[in-house]
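As the structure lists them, so they are numbered: ligands from 1, and atoms in each ligand from 1.
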Amino acid sequence: MNKKPVVLVVMDGIGCTEKDNGNAVMHAYKPQLDTLIKTCPNIQIKAHGLAVGLPSDDDMGNSEVGHNALGCGQVYSQGAKLVNESIETGAIFKSETWKEALDSCKSGTLHFLGLLSDGNVHSNIAHLEAMLKQAKADGVKKVRIHALLDGRDVPETSALQYVDQIENLIHELNDENFDIKVASGGGRMKITMDRYEANWKMVEEGWHIHVLGEGRKFASMKEAIETYRKELGVSDQDLPGFVIEENGKPVGTIEDGDSVILYNFRGDRAIEISKAFGNENFTEFDRVRFPKVFYAGMLQYDGDLKIPNKFLVAPPHITNTMSEFLVKQGVKSYAISETQKFGHVTYFWNGNRSEKFDDKLETWVEVPSDVIPFEQRPWMKAAEITDLLVDAITSKEYDFLRVNYPNGDMVGHTGNYEATLIGVESVDLMLKRIMNACDKAGYTLLVTADHGNADEMYEKRKNPEDAPKPKTAHTLNPVPFIVYNSDVQLKEGHFGLSNVAATVVELLGFKAPEGWDESLIK
Ligand SMILES: O=C(O)[C@@H](CO)OP(=O)(O)O
Ligand SMILES: [Mn+2]
Ligand SMILES: [Mn+2]
């Protein structure tokens, strides 16, 4: 085998299936991908469920677990699973953090903030339910819930199902000693859950809604959702923020002496709001009022920056990553994406660490993303990313280069089939440029994805004659793994994303370290 530098392309959200259920991957005009699959060694690898450390094979893949597995060559039990286990054993409720959270709000309110669904990508409503029951059992007097609506990891207009579920539990738990209410909420793509500092305005709006109780007022969550749906016709993820009021007053602003638990377990979209609650000297926006609260996350979202410093369940301690390994070998690497996925190829890739292992050997490049609905620009920043990546390949400075193209995923999440076709086609167009650059430089090119999304743009239909309903979530499908410009043969069998790291280092001429899943090369 000829040892050469390697370029790895992650086509975010581009999975493989023969099924045509609004399959924007199948139907996109993508001559490069088609040729690569026809002429190069390639297999399909698993990107969901147990293969990436999720609780079961009913769990679709996602970027966090996908990039963790790609970047560390191992499968770790992930947040979704760790929290389940901690609740099952009761460890979470014996933790210091839980006790402190309860002690700290003895004469105040215990607030739960998080994504209200069972998507299991960022959160699970079952975790919230378990904590509400335990809070009552532990003698908490007053609880307020700040509910972010999903429609991105679950069907796009399914919010009322989860609202009913939580309202039923509230009804069951409420009595003269336990006062529990929903206080505020809004769509996850409108407030609070921004990531990678793409749009701090979202977090500022969330702060006004949850903390200050400033925003459009409604009598109930249901009324807010139904009113906004009628007025705007948008999916759950895009519903504006709302504040629940009674007698002209918000029912649950966040005040000095309260405790706040962010029950999302995934980090990327939890870090900014955690900074707003946790940093004394915070400058991203004017908080107007900064209540002195005890703040904890379900997990610690960033191990380097210790965000937040209090958490209920320890995150997977991901060690022995590919970046660590390459740095030890003195290999120079290059990582690039646009803002929306920049942390995926850096922070997730390195096991949820925001710092480099070595400043000199690692180069990270972020192309600023547009702040617009991505169906309006499905090509996103693919061309700008490729300009820089091609320069980096041509410079011959780096032995390992990785890139994430968000299009299949970010446009896929809009549920817009036509735009997603263009998203996939934009990525395909870029592949040609990268192939050319690799030809000239004599580099090996690997093409894969972190999970599916664009491959199923319609929900499953009950009756074949029903009109297609847009699907915004990820899929359970495998992803391609293609080797271009190398004479290797690939193994046959059942493999997953965690087999890629060993494959990369082998192509670079190293023996993969102990403990990594095997390489895909025969
Ligand atoms: O947008 C996100 O936060 C998730 C879906 O919840 O997508 P990805 O895992 O691809 O980042
Ligand atoms: Mn992804
Ligand atoms: Mn996604």
_Min side-chain heavy-atom separation E338-E366 under 4.5 Å_ = no
*For the residue pair W364 and F342, does the interplanar ring angle fall in the parallel (under 30°), tilted (30 to 60°) or perpendicular (over 60°) class?*
perpendicular
*Can a non-hydrogen atom of R266 be found less than 4.0 Å from any atom of ligand 1?*
yes
*With heavy atoms only and a cut-off of under 4.0 Å, state how R188 meets ligand 1: side chain, backbone, both or neither.*
side chain
*Minimal non-hydrogen separation, Y443 against V7, with atom names*: CD2-CG2, 4.0 Å
*asked:* If the cut-off is 4.0 Å to any non-hydrogen atom of H122, which atoms of ligand 1 fall inside it?
replied: 2 (C), 3 (O), 4 (C), 6 (O)
*Against heavy atoms of R152, which atoms of ligand 1 measure under 4.0 Å?*
1 (O), 2 (C)
_Part of D450 with heavy atoms under 4.0 Å of ligand 1, whether side chain, backbone, both or neither_ = neither
*Hey, which of D153, D150, D236 is the one that makes side-chain hydrogen bond (donor to acceptor under 3.5 Å, both in side chains) with S117?*
D150
*Does a sphere of radius 6.0 Å around NZ in K190 hold more than 12 heavy atoms from other residues, nucleotides or ligands, not counting ones at 6.0 Å or beyond?*
no
*Got a second to check how far L8's CG is from T503's OG1, nearest 0.5 Å?*
10.0 Å
*Against heavy atoms of V121, which atoms of ligand 1 measure under 4.0 Å?*
6 (O)
*When the ring centroid of H451 is compared with that of H48, is the distance short of 6.0 Å?*
no
*Give a yes/no on ligand 1: does H451 have at least one heavy atom closer than 4.0 angstrom to it?*
yes
_Distance under 4.0 Å to a non-hydrogen atom of K341: what atoms of ligand 1 satisfy this?_
8 (P), 10 (O), 11 (O)
*What N/O/S atom of D450 is the closest to the Mn ion (ligand 2)?*
OD2
*Under-2.8 Å neighbours of the Mn ion (ligand 3), protein N/O/S atoms only*: 4
*Under 4.0 Å from ligand 1, counting heavy atoms only, is it the side chain of N62, its backbone, both or neither?*
both
*Flag the pair E518 and K491 as a salt bridge only when some basic side-chain nitrogen lies within less than 4.0 angstrom of an acidic carboxylate oxygen.*
yes
*Take the angle between the ring planes of H413 and H474 and call it parallel below 30°, perpendicular above 60°, tilted in between.*
tilted
*Check the angle between the aromatic planes of H67 and H344 and answer parallel, tilted or perpendicular using the 30° and 60° thresholds.*
perpendicular
*Has K30 got more than 12 heavy atoms of other residues, nucleotides or ligands less than 6.0 Å from its NZ?*
yes
_Give the atom numbers and elements of ligand 1 that come within less than 4.0 Å of a heavy atom of H344._
11 (O)
_Those atoms of ligand 1 less than 4.0 Å from some heavy atom in R195_ = 1 (O), 2 (C), 3 (O), 11 (O)
*Pairs touching residues 417-427 that satisfy side chain to side chain donor-acceptor pair (under 3.5 Å), sequence neighbours left out*: none
*For atom 8 (P) of ligand 1, what's the nearest protein heavy atom and its distance?*
S63 OG, 2.9 Å
*Atoms of ligand 1 less than 4.0 Å from D12 heavy atoms?*
10 (O)
*Closest non-hydrogen protein atom to atom 6 (O) of ligand 1, residue and atom name please, with distance?*
D153 OD1, 2.6 Å
*Kindly say whether Q340 contributes a backbone atom to a donor-acceptor pair with the side chain of R195 at under 3.5 angstrom?*
yes
_Please find the pair of heavy atoms, one from S63 and one from R266, that lie closest to each other, and give the distance._
N-NH1, 3.9 Å
_ligand 1 to D268 polar contact by distance, N or O atoms, under 3.5 Å_ = no
